[in-house]
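Remarks on the structure that follows.
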Amino acid sequence: MSADLMGRAIALALENVRTARGGPFAALVAKHGKVIGEGANSVTFTNDPTAHAEIVAIRAACRALDTFQLTDCELYTTCEPCPMCLGAIYWARPARVFYAGVAADAADAGFDDAFIYEELQRPLESRRIPMTQLMREESLAIFTAWKQQANKTAY
């Protein structure tokens, strides 16, 4: 755990706010105390709803390490991760995550993701965005092909 690394993430977030390049969030990935990837929220700047700070930092770190898993890495983020970022964090598999603010702090600033957690608890047919299953039987061929692929990289 490093206050210097969290301080760097906070400084990145403040700079992001001052330059109006995105929301008030930043994150970095460190391995053995060395920063290998960092990023600030750039959702509005890039018109990319997935460009949250954690996602940007994870992508940068994975490029730097030439891998899709962040084994032995730590993620420092200026706020408790949202549901999307939490999913990405689990897929990236860092050793640990350090966060500064909590979800209630983000909600107080206008970034409330409580509705997403609520939606996840609802049956598919009751969600705000309709979700309709289509062509399941045909899609099973994709998974069959994957299972039979000899040179696949499991993840």
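- Of the possible polar contacts, one joining the Ser2 side chain to the Leu5 backbone as a donor-acceptor pair under 3.5 Å is found.
- Within the structure, the ring-ring contact (aromatic ring centres under 6.0 Å, His included) test picks out the following pairs touching residues 118-155 (sequence neighbours left out): Phe68-Tyr155.
- Heavy-atom minimum distance, Asp113 versus Pro83: OD2-CD, 3.3 Å.
- Counting only distance, with no hydrogens or angles, the side chain of Asp66 and the backbone of Arg63 share no donor-acceptor pair below 3.5 Å.
- The shortest distance between side-chain heavy atoms of Leu65 and Cys73 falls below 4.5 Å.
- Nearest heavy-atom pair, Gly23 versus Asn41, reported as atom, atom and distance to 0.1 Å: N-OD1, 2.9 Å.
- Atom CE of Met131 and atom CD1 of Ile129 lie 6.0 Å apart (nearest 0.5 Å).
- With Glu54 as the partner, the side-chain contact (heavy atoms from CB on, under 4.5 Å) test is satisfied by one option alone out of Cys79, Pro81, Cys82: Pro81.
- Under the rule for a side chain to side chain contact (heavy atoms under 4.5 Å, CB included), the partners of Arg18 that lie at least two apart in sequence or sit in another chain are Leu14.
- Checked by atom type and distance alone, the side chain of Ser126 never pairs as donor or acceptor with a backbone atom of Arg122 at under 3.5 Å.
- Residue pairs meeting the salt bridge (charged side-chain N to carboxylate O under 4.0 Å, His left out) criterion with at least one member in residues 125-147, sequence neighbours excluded, are Glu119-Arg128.
- Judged by distance alone, with hydrogens and angles left aside, the side-chain atoms of Glu80 form a donor-acceptor pair with the main-chain N or O of Ala103 at under 3.5 Å.
- The environment of CZ in Phe98 is crowded: more than 12 heavy-atom neighbours from other residues, nucleotides or ligands sit within 6.0 Å.
- Arg21 CZ: 12 or fewer foreign heavy atoms inside a 6.0 Å radius.
- Residue Met135 qualifies as open at atom CE: its count of foreign heavy atoms under 6.0 Å is 12 or below.
- Thr50 and Asp48 form a side-chain donor-acceptor contact under 3.5 Å, judged by distance and modelled atom types alone.
- Proximity of Val29 to Glu38: side-chain heavy atoms (C-beta onward) are nowhere separated by under 4.5 Å.
- Phe111 shares a hydrophobic cluster with Phe25; the chain of contacts runs through ILVMFWY side chains whose heavy atoms sit under 4.5 Å apart.
- With contacts defined as side-chain heavy-atom distances shorter than 4.5 Å, the pair Ile58/Leu70 qualifies.
- One hydrophobic cluster, built from ILVMFWY side chains closer than 4.5 Å, cannot hold both Tyr76 and Tyr99; they sit in different ones.
- When all heavy atoms are compared, the tightest approach of Gly39 to Ala53 is O-CB, 3.7 Å.
- Put simply, the side chain of Asn16 does not reach to within 4.5 Å of the side chain of Pro24, judged on heavy atoms.
- Residues Arg8 and Leu28 have side chains in contact (heavy-atom distance under 4.5 Å, counting atoms from C-beta outward).
- Under a 3.5 Å cut-off, the side chain of Asp112 and the backbone N or O of Ala107 do not form any donor-acceptor pair.
- Taking Ile, Leu, Val, Met, Phe, Trp and Tyr as hydrophobic and joining them when side-chain heavy atoms fall under 4.5 Å apart, one finds Leu86 in a cluster with Tyr90.
- Counting all heavy atoms, side chain and backbone alike, Thr78 lies closest to Ala13 at CG2-CB, 4.0 Å.
- Counted within 6.0 Å of NZ on Lys152, heavy atoms from surrounding residues, nucleotides or ligands total more than 12; the atom is thus considered enclosed.
- In this structure a side-chain-to-backbone donor-acceptor pair under 3.5 Å is missing from Thr77 to Ala27.
- Val43 and Ile55 end up in different hydrophobic clusters when Ile, Leu, Val, Met, Phe, Trp and Tyr side chains are linked at under 4.5 Å.
- For Asp108, the side chain to side chain contact (heavy atoms under 4.5 Å, CB included) criterion is met by no residue, not counting sequence neighbours.
- Hydrophobic clustering, with ILVMFWY side chains joined whenever heavy atoms are under 4.5 angstrom apart, groups Val97 together with Ile36.
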